[in-house]
Number of protein chains: 4
Amino acid sequence: MTHRPAAAPPKVTKLNRVERNAWTKQKIFEAATKVVGKYGYAEASVARITEEAGVAQGTFYNHFESRQELLDQLLPKIGLDMVQFIRARTGTAHAARQEIERFSAFFDFIREVPEFLRILNEAEFFAPSGYQKHLDNISIAYVRILKRVRLAGAIDDYSDDEFEAIVHMFMGARGYLSRRYSYSADGVTAVPDHVITAYRKLITRGLFHRSGDNDDER
Amino acid sequence: MTHRPAAAPPKVTKLNRVERNAWTKQKIFEAATKVVGKYGYAEASVARITEEAGVAQGTFYNHFESRQELLDQLLPKIGLDMVQFIRARTGTAHAARQEIERFSAFFDFIREVPEFLRILNEAEFFAPSGYQKHLDNISIAYVRILKRVRLAGAIDDYSDDEFEAIVHMFMGARGYLSRRYSYSADGVTAVPDHVITAYRKLITRGLFHRSGDNDDER
Amino acid sequence: MTHRPAAAPPKVTKLNRVERNAWTKQKIFEAATKVVGKYGYAEASVARITEEAGVAQGTFYNHFESRQELLDQLLPKIGLDMVQFIRARTGTAHAARQEIERFSAFFDFIREVPEFLRILNEAEFFAPSGYQKHLDNISIAYVRILKRVRLAGAIDDYSDDEFEAIVHMFMGARGYLSRRYSYSADGVTAVPDHVITAYRKLITRGLFHRSGDNDDER
Amino acid sequence: MTHRPAAAPPKVTKLNRVERNAWTKQKIFEAATKVVGKYGYAEASVARITEEAGVAQGTFYNHFESRQELLDQLLPKIGLDMVQFIRARTGTAHAARQEIERFSAFFDFIREVPEFLRILNEAEFFAPSGYQKHLDNISIAYVRILKRVRLAGAIDDYSDDEFEAIVHMFMGARGYLSRRYSYSADGVTAVPDHVITAYRKLITRGLFHRSGDNDDER
DNA sequence: TATGAATGAGGCTTCATTCAT
DNA sequence: GATGAATGAAGCCTCATTCAT
């Protein structure tokens, strides 16, 4: 998996028809990612996307039923990249520590794939169906993690329903913070440390057992 | 202050020039609130708003520089109504309890002014400047509250910067939850209890001192 | 009533808003008549019509909901002009003679308003709703005439249902003949005499009493 | 001759190059008949036709110069089927009777090959050149018949030119009537009796000698 | 100040046809 | 001959904004 696909056809060898076809679709996809990331969904006209992709406007409709269909595929696809990315960055420390790692990794991912910020944030209104899909992808996985932690004894006193609410709060908080602290004139910047520490305090004390909290100052 | 403005010109039948002028602007404003609340910013065309307001399209531009200007005024204005509403619902109990009251009051407000949901949620992308203004309004007030609580000794170990981050997390969480749990087929519904309890647990344990937590089951 | 509206605004005096509005709509209408008459419905794009009318494309939609709406109004409107025209050309001779007069007048009208030919002929497929309206306008009036003639004793042995079929045959025959004999490289020409005489013979012998037939050679 | 061509390649499994070629063309042809018959010429895109035929779009242009060329071949081909069909249904009774038979057989054919209705009716505007060809095919044959009848003494007083006009009237009447009475929600239905009787009366009295008229009630 | 018709750029999508494989 | 992706022109319609009355 790469979230930074090569900007040129993978091989120098001649591509067969199937490969050329996939490659064109890929080009459109990447162009859309770029355009939406930079200008937002609203400004991501088919004309702009195809121009960026270097294909004719008509070509677009050989690969996607409609502009909306493409838009709805954008977030879920990159969202999965994000999940992989975060998973790779999560160690084997104790539960609270891992949650902080996930929190940090999320912001790291945003810096790696700056387009993700807008693609994620605006999706709710411009690609609702894609947004829902992403939501499900994420929250299901997240709740599963929390349940496992509870099973391991590091959390108690939270019901399944409450887990779901907590997960939504986490996601909401991250989104909000990312918008607040990560946008900048040109590009995406790191999140300030005090955001991380505030999150750590809130989470470790509020969600997990009182064991540590300050065992892992960074 | 009313967040439910009268639908007819104030009492007297004869209005002078200034009053008529203000009244027209007010009509447009209310129409916009209605339209955006119902259809969202994207569908809030000048034509639709003026039709709803019962004035000609041209009239719009006698009162607002552009469509965007009006849109950017929408959220900050209603946002202030919200602040008042929440303040009125917050008692004099101890700090943690008050925070739960604010959380609940937020969701109550949404049910009182259902348009607020979309006006708030979509503002970030369709009325960024108005959104920023609202954000500042809210977070400044919120941080001030937290500082006061810290001064009173109910919170410690959080810096000013961390307060700001916490406030943003709260706002993000609320927004997310309101979208997730409050929307429904026709109108806005109450938030389920488990959302409230999850919030209470997270907040009381994570933010405030360990004194209470279960002293105020509802 | 005129089926040849002036190509310039009716008066030199300044027009008020209502008049200007009507005048613009009229311009679009006439442009459409011209364009459809010359190129057919299929080629009558909004761009072409508005260009012919000398207005912007957007203006079109201030006066018509859609391209189709205008197209559907074309035939019924001109169709009424035709009815008037034919009525004015029908004398007070006996019934069979009058029918021939109507037949001839129809072809005369086509020469007066050459656009009518295509507007009528293609309407069935490109403006079905307008076509139906026209059909009703015409066939109702026609059947009424035949019934009156039957009452006067000049026709017998035809039932009401059969009248309706007869009328449709007449209309179909006229349409067919007009297409066959009236089109020409540039413009519309008169129908040859033998078409008229053939029609006369068929009708007078087939529909009316055997009295005359050759009393009115032309 | 069949107007209902087999849906599978003729018997043998192995076709040589020439046969395969012809078979592909035939498939496209039948697909076009089906599509135009069902959706009309305007909706008969090359994509739709080739899909229906089960071949690639490009294949189309190996067999036809352009979409229009195929469209123009449709009517003349099926038109010949119709001539055969009608001829087979025409007995050896006296002339007037035979004309009624032809009239009825026309409507019978429409029910056998329902696609013919649209292919015929819309051809004038969507396949003018094909339409003209069909027109010539039919009217020449028809005029020949009338001349023969005149020679046999059953008609007199009509010139050759008038015959041609008469034939066009007949064709127009039939087309009109078929559209009026034969279309229905799902499929093509029989023409009501009063249409037949009206036609019989008009024709027998108007065209033929006064001998019979009621000698052949059906 | 109120009106509302006029403007014209720009958006999405369709489709006949071409052409490299 | 068969394939089907690529092309790009053209079509219909929306909408914020302007301006003469």
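Throughout, a chain's letter reflects where its sequence line sits, starting with A, and its residues are numbered from 1.
- Residues from residues 63-75 of chain C with heavy atoms under 4.0 angstrom of DNA chain F, sorted by number: C:S66, C:R67.
- Comparing D:A42 and A:S45 along DNA chain E, the residue whose closest nucleotide (by nearest heavy atom) sits nearer the 5' end is A:S45.
- The CD1 atom of B:I28 lies 6.5 Å from the OG1 atom of B:T59; values are rounded to the nearest 0.5 Å.
- Residues D:Y61 and D:S66 approach most closely at CE2-CA, 3.9 Å, considering heavy atoms.
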Dot-bracket assigned to DNA chain F with the 3.5 Å Watson-Crick/G-U criterion, [ ] for crossing and | for other-strand pairs, is .||||||||||||||||||||

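- In terms of heavy atoms, B:R118 sits closest to B:G37 at CD-O, 3.2 Å.
- The distance between atom NZ of C:K27 and atom P of E:dA5, rounded to the nearest whole Å, is 14 Å.
- Rounding to the nearest 0.5 Å places NZ of C:K25 at 14.5 Å from NZ of C:K27.
- The separation between A:I28 atom CD1 and F:dA5 atom C1' is 11 Å, rounded to whole Å.
- Between the CG atom of C:N121 and the CD atom of D:E124 there is a distance of 6.0 Å, given to the nearest 0.5 Å.
- Atom CH2 in A:W23 sits about 13 Å away from atom P in F:dA6, given to the nearest Å.
- The number of heavy atoms from other shown groups lying within 6.0 Å of NZ (D:K34) does not exceed 12.
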Next on the checklist: Using side-chain contact (heavy atoms from CB on, under 4.5 Å), reason through A:H134 and A:L120 one step at a time and then give a plain yes or no.
Outcome noted: CA-CA 9 Å; A:H134 172 75; A:L120 170 63; 3.7 Å; yes

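- Atom CZ in C:R20 sits 10.5 Å away from atom CH2 in C:W23 (nearest 0.5 Å).
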Could you tabulate the donor-acceptor pairs under 3.5 Å formed by side-chain atoms of residues 39-50 of chain C, not counting sequence neighbours?
| from | atom 1 | to | atom 2 | distance (Å) |
| --- | --- | --- | --- | --- |
| C:Y41 | OH | C:I119 | O | 2.8 |
| C:S45 | OG | C:R48 | N | 3.1 |
| C:R48 | NH1 | C:E43 | O | 3.2 |
| C:T50 | OG1 | C:V46 | O | 2.8 |
| C:T50 | OG1 | C:A47 | O | 3.1 |

N/O donor to acceptor pairs below 3.5 angstrom from side-chain atoms of residues 68-75 of chain D, sequence neighbours left out:
| from | atom 1 | to | atom 2 | distance (Å) |
| --- | --- | --- | --- | --- |
| D:Q68 | NE2 | D:F126 | O | 2.8 |
| D:E69 | OE1 | D:E65 | N | 3.0 |
| D:E69 | OE2 | D:Q73 | NE2 | 3.1 |
| D:D72 | OD1 | D:G130 | N | 3.0 |

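- B:T24 has no side-chain polar atom (N or O) that falls below the 4.0 Å cut-off from OP1 or OP2 of E:dT1.
- Between the CG atom of A:N21 and the P atom of E:dT21 there is a distance of 14 Å, rounded to whole Å.
- Nearest nucleotide to the C:Y61 side chain, out of F:dA5, F:dT14, E:dA5: F:dT14.
- Annotation: of the two residues near DNA chain F, B:A44 and A:N62, the 5′-most nearest-nucleotide partner is A:N62.
- Within residues 47-60 of chain A, the residues approaching DNA chain F are A:V55, A:A56, A:G58, A:T59, by heavy-atom distance under 4.0 Å.
- For C:E51, the side-chain hydrogen bond (donor to acceptor under 3.5 Å, both in side chains) criterion is met by no residue, not counting sequence neighbours.
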